[in-house]
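See structure below.
Since we're looking at a predicted model, the values are computed, not measured. Positions are given from 1, in the same order as the sequence printed here.
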Amino acid sequence: MCGIAGWVSFDQDLTGRSEVIDAMTETMARRGPDDRGTFVREHVGLGHRRLAVIDLPGGAQPMVTAAGGGEVAIVYSGEVYNYRELRGDLRGLGHSFHTDSDTEVVLRAYVQWGEGVVDRLNGMYAFAVWDRRDEKLVLVRDRMGIKPLYVYPTPDGVLFGSEPKAILAHPLVRPVVDADGVRELFAFTKAPGWALWKGMSELLPGTVMTVDRKGIRQRTYWRLTAEEHTADTEQTVEGVRDLLTDIVDRQLIADVPRCVLLSGGLDSSAITGLAAQQLTRQREQLRTFSVDFVNQEQNFVPDDLHETPDSPFVRDVARLVRSEHQNVVLNPTELSDPDIRRAVIGARDIPLGLGDMDSSLYLLFRAIRERSTVALSGESADEVFGGYRWFHDGTALRAGTFPWLAATPALTLESRWELINPDLRPRLRLPEYVADQYATAVAEVDPFPGDSDLESRMRTVCHLHLTRFVRQLLDRKDRMSMAVGLEVRVPFCDHRLVEYVYNTPWSLKTYDGREKSLLRGAAKPVLPQSVTERVKSPYPSTQDPGYAANLQQLVKERLADNDSPLFDLLDREWLLRAVERDPARMAPQIRIGLDRAIDIGTWLDLYSPDLHWN
């Protein structure tokens, strides 16, 4: 894992500006609690915070090597899971190694193949290479966007960092947010490159950016493309099983304690079963963790998204695989604690208003970090295999917008629109923005000749989720985990699996008439029957009305300050009505609105951004 930051300036001598690189790097101390390092030369400064996972004594960064008359330096975040094979290939080409780290493999692979190294990597990564031979910076981000990387072009170079806070620490950068930045806060479309802060953008997944004296250039090295799928049902299920087995085996590699996040759903249970299978061969007991809420199972009430509580299914899986399991149980006070909310917003840099779902994830990861450094997660299976309910909702599929917006009452345009300050609404032009984003996203889909209308539509829906929706969830998981120094790996985002399943016809994805048929079939041998038959249930949210009551009290405190900049963004009258609602009967969209108000207020306190709407 780790955090990286840097500054390239072709018109300045940076050798006397190391304090700036230090300041940028230290903003990400929580991403890398084990070590820090900087590399400063005339036109470049690189910073690194390290979370040691592989080759604990030998993987220090920045890492530098001599190559053909000039030094090459790297700062790197993430993991490359095929580094052992690559190291063997490079040794065959004459390279020698001084460490057992994957960082050195990536560095020497760049020396050997240049920017072509990206086509050989399997993993999650964001890295920067300073190549003195050509006086250029090369920035790379993994195919699915698992690891974050932000850039801020300057008149004579660029600033970059794993998180916006690293860039905001630079004296050249002002924390400005304009209408273009705020719009996406309420749109929930995950516009490519959006970073909230003016002048800053997110390097797109599957992209290489090169910065030299000629300027900044980008190229896409990977994207989803339409390919023919010829395997039958049995062969496809076997293909998914073989891929997942290989992926999980690779992603269990670490020199630190590992575990699996277990929710009792199909996705996490599949990873748990496969991981347990591998570790049993190594005579090692698997460690699993889950999150729950006080009295949730006893007082559970089915709703539109959750038909059953998670706990019984968690117990079934843990019992089957004989894992060492720990259930992290949270109460409403912890979930609404202002200190926890500040930690969450400080980790994300962006107030997306996910409330207890962010707080609970942060608290879960904090508890896990006391016993493990690496965790495997079932994140992204719904996007890969078509698991969300709106994949099977004809109304949502025909809505002419992103299906998750059409199918979720709390995310409809109307529910988000009414929370915004009425004076700001005309400037945001939110309906037009969402429509434009949807049209742009649909236009990016590579059609396959011969697809039926249904297959074409479902290919589009899958593409929307793999290039938009999943990126929001991956960013959330990265920020919450790295805020406590925990590395979370996501096997379902292996690009080989994504490509294979993306090109599997929808009729095969649903061959048994249910959601995620391929995953269910592939993982069935390692799962209890209760889980294979369970209906999709999303990440849990507390049903305790005490949480909603706590939100109301926190918003009341905000409302007492009539001059708060919060009301430049949100409708004060709407909030006044919301805090008088009965918390035991509060509609989900009202609670989400309160969560969003608290998140935005906390963000304003932490960052004091300049808000400009003109």
Side-chain angles (χ1 to χ4, degrees), residues 1 3 27-33 51 147-148 150 161-166 168 175 177 184-186 188 190 195-197 202 261 289 291-293 328-370 375 377 379 410 471-488 538-542 544 546-548 550-555 557-558 566 569-570 591-609:
M1 261 331 160
T27 63
M28 298 180 295
R30 291 185 178 277
R31 293 187 74 90
L51 175 65
K147 301 313 297 174
Y150 292 84
S162 293
E163 297 180 355
K165 61 174 64 67
L168 292 171
V177 175
E184 181 62 32
L185 271 183
F186 297 97
F188 210 66
K190 194 60 174 84
L196 179 63
W197 306 95
E202 190 180 28
L261 308 178
F289 291 86
V291 67
D292 200 1
F293 309 106
V328 179
V329 182
L330 306 173
N331 62 53
T333 301
E334 293 173 293
L335 293 169
S336 56
D337 185 335
D339 289 337
I340 298 300
R341 190 63 61 106
R342 279 190 289 272
V344 166
I345 299 302
R348 299 205 70 170
D349 297 314
I350 294 170
L352 289 177
L354 293 180
D356 70 303
M357 290 191 292
D358 271 354
S359 298
S360 64
L361 197 62
Y362 174 86
L363 291 165
L364 170 65
F365 288 159
R366 192 174 70 176
I368 291 173
R369 186 61 175 88
E370 295 177 0
S377 165
E379 192 80 84
R471 293 178 185 174
Q472 305 186 63
L473 301 182
L474 291 173
D475 183 75
R476 168 177 173 257
K477 185 143 287 183
D478 173 86
R479 302 302 187 85
M480 295 300 95
S481 60
M482 294 308 296
V484 297
L486 176 72
E487 176 176 297
V488 174
Y539 183 83
S541 180
T542 181
D544 194 323
Y547 176 73
N550 289 347
L551 295 184
Q552 289 176 309
Q553 182 57 41
L554 291 170
V555 171
E557 294 171 10
R558 293 280 176 183
L566 177 65
L569 288 166
L570 304 184
R591 200 181 87 167
I592 287 175
L594 292 173
D595 262 322
R596 175 154 290 185
I598 295 166
D599 276 4
I600 293 176
T602 304
W603 171 73
L604 290 167
D605 294 341
L606 288 173
Y607 293 90
S608 300

Original post:
Do the side-chain N and O atoms of Asp356 and Thr542 include a donor-acceptor pair separated by under 3.5 angstrom?
Top reply: no
Original post:
Does a donor on one side chain and an acceptor on the other come within less than 3.5 Å for Gln553 and Asn550?
Top reply: no
Original post:
Side chains of Tyr150 and Asp349: do they bring a donor and an acceptor to under 3.5 Å?
Top reply: no
Subject >> Candidate list Arg471, Lys147, Arg348, test salt bridge (charged side-chain N to carboxylate O under 4.0 Å, His left out), partner Asp478, passing option >> reply: Lys147
**OP:** Using a 4.5 Å cut-off on heavy atoms from C-beta on, say whether the side chain of Pro338 contacts that of Leu554.
**Re:** yes
Subject >> Any Met482 side-chain heavy atom under 4.5 Å of Leu486 side chain >> reply: no
Original post:
With side chains defined as the heavy atoms from C-beta onward, is the minimum distance between Leu354 and Asp595 less than 4.5 Å?
Top reply: no
Original post:
Are Lys190 and Glu202 close enough for a salt bridge, meaning some N to O gap below 4.0 Å?
Top reply: yes
Original post:
After noting the C-alpha distance and the side-chain angles of Arg341 and Asp337, does the key distance pass the side-chain contact (heavy atoms from CB on, under 4.5 Å) rule?
Top reply: CA-CA 6 Å; Arg341 190 63 61 106; Asp337 185 335; over 6 Å; no
Subject >> Check: Leu352 and Phe186 side chains under 4.5 Å, non-hydrogen atoms >> reply: no
Subject >> Heavy-atom closest contact (Asp599 atom, Gly355 atom, distance) >> reply: OD2-N, 4.0 Å
Original post:
In Å, rounded to the nearest 0.5 Å, how long is the span from CD1 of Ile345 to CG of Asp358?
Top reply: 7.0 Å
Original post:
How about Leu261 and Ile368: do any of their side-chain heavy atoms sit closer than 4.5 Å?
Top reply: yes
Subject >> Met357/Arg476 under side-chain contact (heavy atoms from CB on, under 4.5 Å): CA gap, chis, key distance, verdict >> reply: CA-CA 10 Å; Met357 290 191 292; Arg476 168 177 173 257; 3.7 Å; yes
Original post:
Phe293 versus Pro332: any side-chain heavy-atom pair under 4.5 Å?
Top reply: no
**OP:** Evaluate side-chain contact (heavy atoms from CB on, under 4.5 Å) for Leu363 paired with Glu334, printing each intermediate quantity in order.
**Re:** CA-CA 8 Å; Leu363 291 165; Glu334 293 173 293; 4.1 Å; yes
Original post:
From Ser359 OG over to Met480 CE, what is the distance, rounded to the nearest 0.5 angstrom?
Top reply: 8.5 Å
Subject >> Considering all heavy atoms, the nearest Ala483-Ala347 contact >> reply: CB-CB, 3.6 Å
Original post:
Using 4.0 Å as the upper bound for N to carboxylate O, is an ion pair formed by Asp605 and Arg558?
Top reply: yes
Original post:
Can you name the nearest heavy-atom pair linking Val291 to Pro540, along with the distance?
Top reply: CG1-CG, 4.0 Å
**OP:** Count the heavy atoms of every other residue, nucleotide or ligand shown that sit under 6.0 Å from CZ of Arg30, and state whether that count exceeds 12.
**Re:** no
Original post:
Taking side chain as C-beta onward, heavy atoms only, is Ser162 less than 4.5 Å from Arg31?
Top reply: yes
Original post:
What are the two closest non-hydrogen atoms of Val555 and Ala597, and how far apart are they?
Top reply: CG2-CB, 4.4 Å
Original post:
Once you round to the nearest 0.5 Å, how far does CG of Leu551 lie from CZ of Arg596?
Top reply: 13.5 Å
**OP:** Nearest 0.5 Å please: distance from the CG atom of Leu330 over to the CG atom of Leu364.
**Re:** 7.5 Å
Subject >> Pro351 versus Leu196, closest heavy-atom pair with distance >> reply: CD-CD2, 4.1 Å
Original post:
At what distance, to the nearest 0.5 angstrom, does CZ of Phe289 lie from CZ of Arg369?
Top reply: 11.5 Å
Subject >> Nearest atoms (heavy-atom pairs only) where Phe365 meets Lys477 >> reply: CE1-O, 4.0 Å
Original post:
Cationic tip of Arg591 within the cone over Tyr547's six-membered ring, i.e. under 6.0 Å and within 45° of the normal?
Top reply: no
**OP:** Take Ile350 and Leu185, measure what side-chain contact (heavy atoms from CB on, under 4.5 Å) needs, and give me the verdict at the end.
**Re:** CA-CA 8 Å; Ile350 294 170; Leu185 271 183; 3.8 Å; yes
Original post:
Rounded to the nearest 0.5 Å, how far apart are OH of Tyr362 and CD1 of Ile340?
Top reply: 5.5 Å
Original post:
Considering residues at least two apart in sequence or located in another chain, which fulfil the side-chain contact (heavy atoms from CB on, under 4.5 Å) criterion with Ala367?
Top reply: Val328
